[in-house]
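Taking it in order: structure first as structure tokens, then the write-up.
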Amino acid sequence: MKEMNKTIHQSLSTRLSLEILFVVVLVFSLSLGFLYWQSRHIIRDEAIDEASHVLDNTSLRVKGFMVEIETATRNIIWLVNLHHDKDSLLKYSHRIVANHPNTNGCSITMEPNIFPDDAYGFSAYSVRLPNASNTKKDSVVTVREGEYNYYDKVWYKIPRQKRTACWVDPFDDFNEGTLSNPDLIASYCIPLYDKQEKFAGVIATDLSLKRLTETVNAEHPYENSYFMMLGEDGHYFVHPDTTKLLKETIFTGMDPRVHTDVVALGYEMTNGRTGHMKVELDGKSYIVLYRPLEGTQWSIALVCPSNELLRGYNSLNYILLPLLIIGLVLLVMGCYRIIKHFIQPLGLLAAELRQIGHGDYEKPLPLSERTDLIGQLQNTFCLMRRRITHHIHDAEHTKQEAEQRTAELEQATLLARQASEQKTQFMQDMSHQIRTPLNIVHGFSQVLRQDCEILPDEEKRQIAETMYVQTNMLDYMVSKLLTASLIESRQTISLADTVGCNDVAREAFENASSLITHTAEMKLDSHVDDKLTIQTNRHHLLIALTELLVNALHFTTEGSVTMRIEATGDAAKFTIEDTGPGIPPDKTDFIFEKFTKLDMFTEGLGLGLFLCRRVVMLMDGTLTYDPQYTNGTRFIVSLPLEHSIG
């Protein structure tokens, strides 16, 4: 027996060890590989994002200088358009350079026909000359250029052709022996027009390329990185190799079959695109991040050696080896703990079997997650005990459900009996309510038929009036029954009527007076203007207000019935109050239910308040009873003012 147990134990341990090791090694390898792949991408993206921020900041600085020059030039345009005399043009040219230290020069050049007395045309030119002494500021010199063919210069021809403000690519405008700056310059040019919208000249403000280069190179993010800027046709005008400036393009000396990456980069930059690209320059690998300068045809780029930009990306390989070693050590330790954990349930199962053998079925037994024979045996015992418990609970639950259903049947029987009694009572009440006016009408009609000739006219008039009131009351009850049957099943009604609050109240007063003979005084207390209207359903609002007034008049034998109209906040309120006996506090909870009357011997069908509340709810309003009012009854109809659409 001992040898058999030993064999089983050894084979089980071996099988578990192999299975666990296989699964864990597979999961560990996949996780580590995914982590390595994901980390390299994250590090690369972060490095490129950091370089992109540097490029963005540099672009903003460059654009700041350019915007300063654009603003200075545009701010002087209106003065130039007002004053075309030569002295003013000289003054304006000098003002731009003197007031804006980042400008290199300014030229206001007019067409020859503007000043016919000048055979060579007129140009006011100001230039900033650096002072030899460091203690003094730069000096600004303004001159009138005479015999100088500035009409063929790019800063004049391009805006004249385009007829719009633009930056022209940097150029060398230095002429020996003339007042000009030896630095390479880029100009912002705006065409000028006379009052007839004809081309009159060009104002051009210069930016020193040297100053622009200093701005671009102000930040040096990596040891061997540099910035470059290209013009519209790919010419360099910012580059660490100054021999290439304005003389070479990015395509110069590049064979498209060999330097495909550089040529592609050139097309990307000259076409004004944004992005980054890996290229080979002088046998070294670089990553170039590029973007266009807003408002120009130029493009700026940050050129970074790949090994410097992706230093963290490459160092990830050195982290992987120690991580792999540590992972394998943890893997072995974990396998050992798992195998030990799988063997421990043998003792637990034996203890559980002893408890069951002693008749202890109440203590819950944990299910095993193992799928071998030991786990199956443990789970079988657990399931057996749980099923017995479940059967007992099911029997108790079935008993409770039977008792609950019996109670529900008894309640349903009681409700059905009450509904039947209520229906019978309603039919009897309705028959009585309809028979009463019919008897009155029938009796008076007999009187008129037999004694019509001998009755005085006044008595005939009273009989006719009584018959009219009773007929109206009969028609009103039938109409109320039909309205209640229709409105109960509806979810919405049309709210397309524009109703004056005071008008509908007066009409409700007239309807109520014609439906019931009353002794109470009727008052209309309006606190709103006759122009106040709401968007609602006129017919149904009139039904609700009329029914509330009829109820008040029916129960008020002395005193008055008052309707007060107010506009508060976002609602129009109709308050109907009387000085009748009021409603007992113990009956206020069910006064809005169907077929409910406080006194079964009073006239009515028990539908009035139910119908009123249902109608008001369909009009997005509320009907409430005010229990604080003690001089009779008070009902408040509140309708939203947001439906008011004049």
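- Judged as a salt bridge (Lys or Arg N to Asp or Glu O under 4.0 Å), not a single pair has a partner in residues 236-246 (not counting sequence neighbours).
- Contacts of Phe635 classified as ring pair (Phe, Tyr, Trp, His ring centres under 6.0 Å), with partners at least two apart in sequence or in another chain: Tyr625.
- In this structure, Ser299 has no side-chain hydrogen bond (donor to acceptor under 3.5 Å, both in side chains) partners at least two apart in sequence or on a different chain.
- Shown here are the ring pair (Phe, Tyr, Trp, His ring centres under 6.0 Å) partners of Phe509, two or more places apart in sequence or in another chain: there are none.
- Residues satisfying the side-chain hydrogen bond (donor to acceptor under 3.5 Å, both in side chains) criterion with Glu111, sequence neighbours excluded, are Tyr156, Arg160.
- With sequence neighbours excluded, the residues satisfying side-chain contact (heavy atoms from CB on, under 4.5 Å) with Asn99 are Arg95.
- Residues passing the side-chain hydrogen bond (donor to acceptor under 3.5 Å, both in side chains) test with Thr568, sequence neighbours excluded: none.
- Among residue pairs with one or both ends in residues 494-505, those qualifying as salt bridge (Lys or Arg N to Asp or Glu O under 4.0 Å) are Asp503-Arg506; sequence neighbours excluded.
- Partners of Tyr236 under the side-chain hydrogen bond (donor to acceptor under 3.5 Å, both in side chains) rule, at least two apart in sequence or in another chain, do not exist in this structure.
- Residues passing the ring pair (Phe, Tyr, Trp, His ring centres under 6.0 Å) test with Tyr188, sequence neighbours excluded: Trp167.
- Pairs of residues two or more places apart, or lying in two chains, that qualify as side chain to side chain donor-acceptor pair (under 3.5 Å) and include a residue from residues 52-65 are Asp56-Arg291, Thr58-Arg61.
- Residues satisfying the ring pair (Phe, Tyr, Trp, His ring centres under 6.0 Å) test with Phe65, not counting sequence neighbours, are none.
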